[in-house]
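Residue numbers count from 1 along this sequence.
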Amino acid sequence: MKAMCDSFLPSKCSSSSTADEKRDKSTLNGWTVIVNTASSMASGAIRRFQDRVLGPSRTGIPSTTSEIWLLGVCYKISEAESLEEADAFRQDFSSLILITYRRGFEPIGETTYTSDVGWGCMLRSGQMLFAQALLFQRLGRSWRKKESEPSEEEYLEILELFGDSEASAFSIHSLILAGESYGLAAGSWVGPYAVCRSWESLARKKREETGVAMAVHIVSGSEDGERGGAPILCIEDVAKACLEYSEGETEWTSVLLLVPLVLGLDKVNPRYIPSLIATFSFPQSLGILGGKPGASTYIVGVQEDKGFYLDPHDVQQVVTVNKETKDVDTSSYHCNTLRYVPLESLDPSLALGFYCRDKDDFDDFCVRATKLAGDANGAPLFTVTQSHRGGERGIAETSSVASSTEISGEDHEDDWQLL
């Protein structure tokens with residue numbers, strides 16, 4: 001990691017020296033590195049670094065004979081109307097919210113950082129996933145950005161939440177503050193697990209301020225990951241999270257499920273790739289936070305064994321967006337360039353995201369997730385259980401909505417690292 005940092009930063013990176021930081025580094029599978037330098041690189045330098053880490057930039061649609069899944073929507077570009085399908089896919093992709101490195105924002109906390117260039121890619125990837133959940137909640141999955149029409153107020157309100165200032169509820173400033181106990185700090189990389197926990201904390205903290213009726217629940221292993229192994233989605237825990245988030249006002253709210261995973265040692269174990277691909281067919285899919293060490297991306301779609309992604313590494317000037325200025329230029333929040341990466345090249349430390357609009361949508365998700373686990377040949381990404389009373393691993397008592405499908409209880413903890 002040190003050598004990698006030296007290759008693109010004007011001064012050397014240094015790993016943390018405290019016991020807690022050392023623990024975070026090992027826990028996050030090499031993602032945590034403290035950057036002790038001012039961020040002043042141009043987009044070209046970042047792109048060259050990214051090409052070295054993710055491989056040469058691959059753009060366009062890699063195949064014209066197989067279907068594409070983009071966050072739960074299938075595009076069958078191999079059929080007769082392939083041109084129309086490809087255009088529809090491109091419009092869908094370009095309507096997704098892109099959040100990248102920014103420069104020129106107010107300093108983060110007591111630091112002098114006015115840019116997140118070189119260290120904020122995982123935070124930006126997390127912002128993209130969370131923004132997409134809000135977009136689905138408020139405008140629906142079928143919403144598309146129309147360049148020729150004024151922007152909708154709801155759309156501008158979402159972008160405003162992610163503005164680069166302390167005043168914005170879901171800014172990089174607010175996320176770092178909410179995630180301090182998980183190792184988030186200006187100038188440092190963090191892994192998917194820390195970012196997921198930070199979003200859980202921030203969403204709860206900003207509930208009244210934003211009016212966002214969406215709980216965040218982290219799917220982890222036994223005793224919060226202390227024993228490793230496949231994470232367990234416990235239905236009782238999700239119900240409790242929704243009730244607590246609403247402060248007892250309702251039994252169920254919309255819920256964002258985040259599933260941090262470590263699927264191998266140096267690279268993703270190939271046996272998990274079919275399951276990763278399958279998750280994009282879920283209507284609840286919000287994609288994957290992942291990439292390679294030090295270079296996070298937001299993976300939003302798949303075709304065969306390739307993953308389409310939104311790239312946070314472009315450096316852009318801060319833009320002020322609010323609902324009062326409907327003619328504001330929001331082009332920097334969208335991407336028209338299709339980029340893809342082989343899924344087998346991903347770092348094994350990643351996180352899945354799913355948005356469930358209501359209880360029925362959550363039940364549907366549980367059915368799909370249970371079937372996926374049952375079809376995983378003993379290597380599930382995660383499993384589903386009704387409660388923790390079914391035994392140590394929680395597998396014996398599965399969800400009542402998914403009881404018709406058997407979940408394999410075989411342990412494969414050799415490929416898992418503790419989260």
Sidechain-backbone polar pair: [X] side chain, [Y] backbone, donor-acceptor under 3.5 Å:
{"X": "Gln303", "Y": "Ser66", "answer": "yes"}
{"X": "Gln284", "Y": "Phe362", "answer": "no"}
{"X": "Ser168", "Y": "Phe170", "answer": "no"}

CA sep, side-chain torsions, deciding dist, call: Leu135, Gln132, side-chain contact (heavy atoms from CB on, under 4.5 Å): CA-CA 5 Å; Leu135 196 66; Gln132 206 57 51; 3.3 Å; yes
CD/Glu208: more than 12 non-hydrogen atoms of other groups inside 6.0 Å: no
Candidates Asp311, Asp314, Asp164 - the one meeting salt bridge (charged side-chain N to carboxylate O under 4.0 Å, His left out) with Arg124: Asp164
Under-4.0 Å salt bridge between Arg141 and Asp92: yes
Aromatic plane relationship, His313 with Tyr101 - under 30° parallel, 30 to 60° tilted, over 60° perpendicular: perpendicular
Parallel, tilted or perpendicular, as decided by the 30° and 60° cut-offs, for the rings of Phe162 and Trp199: tilted
side-chain hydrogen bond (donor to acceptor under 3.5 Å, both in side chains) between Ser174 and Ser171, worked out: CA-CA 5 Å; Ser174 299; Ser171 66; 3.2 Å; yes
Phe308 ring center near Phe89 ring center (under 6.0 Å): yes
Centroid separation His334 to Tyr155 less than 6.0 Å: yes
Flag for Thr253-Ser246: side-chain donor and acceptor within less than 3.5 Å: no
Arg102/Ser332 under side-chain hydrogen bond (donor to acceptor under 3.5 Å, both in side chains): CA gap, chis, key distance, verdict: CA-CA 10 Å; Arg102 295 283 180 173; Ser332 65; 2.9 Å; yes
Within 45° cone of Phe365 ring axis and under 6.0 Å: Arg357 NZ or CZ: no
Cation-pi, Tyr245 ring and Arg207 (6.0 angstrom, 45 degrees): yes
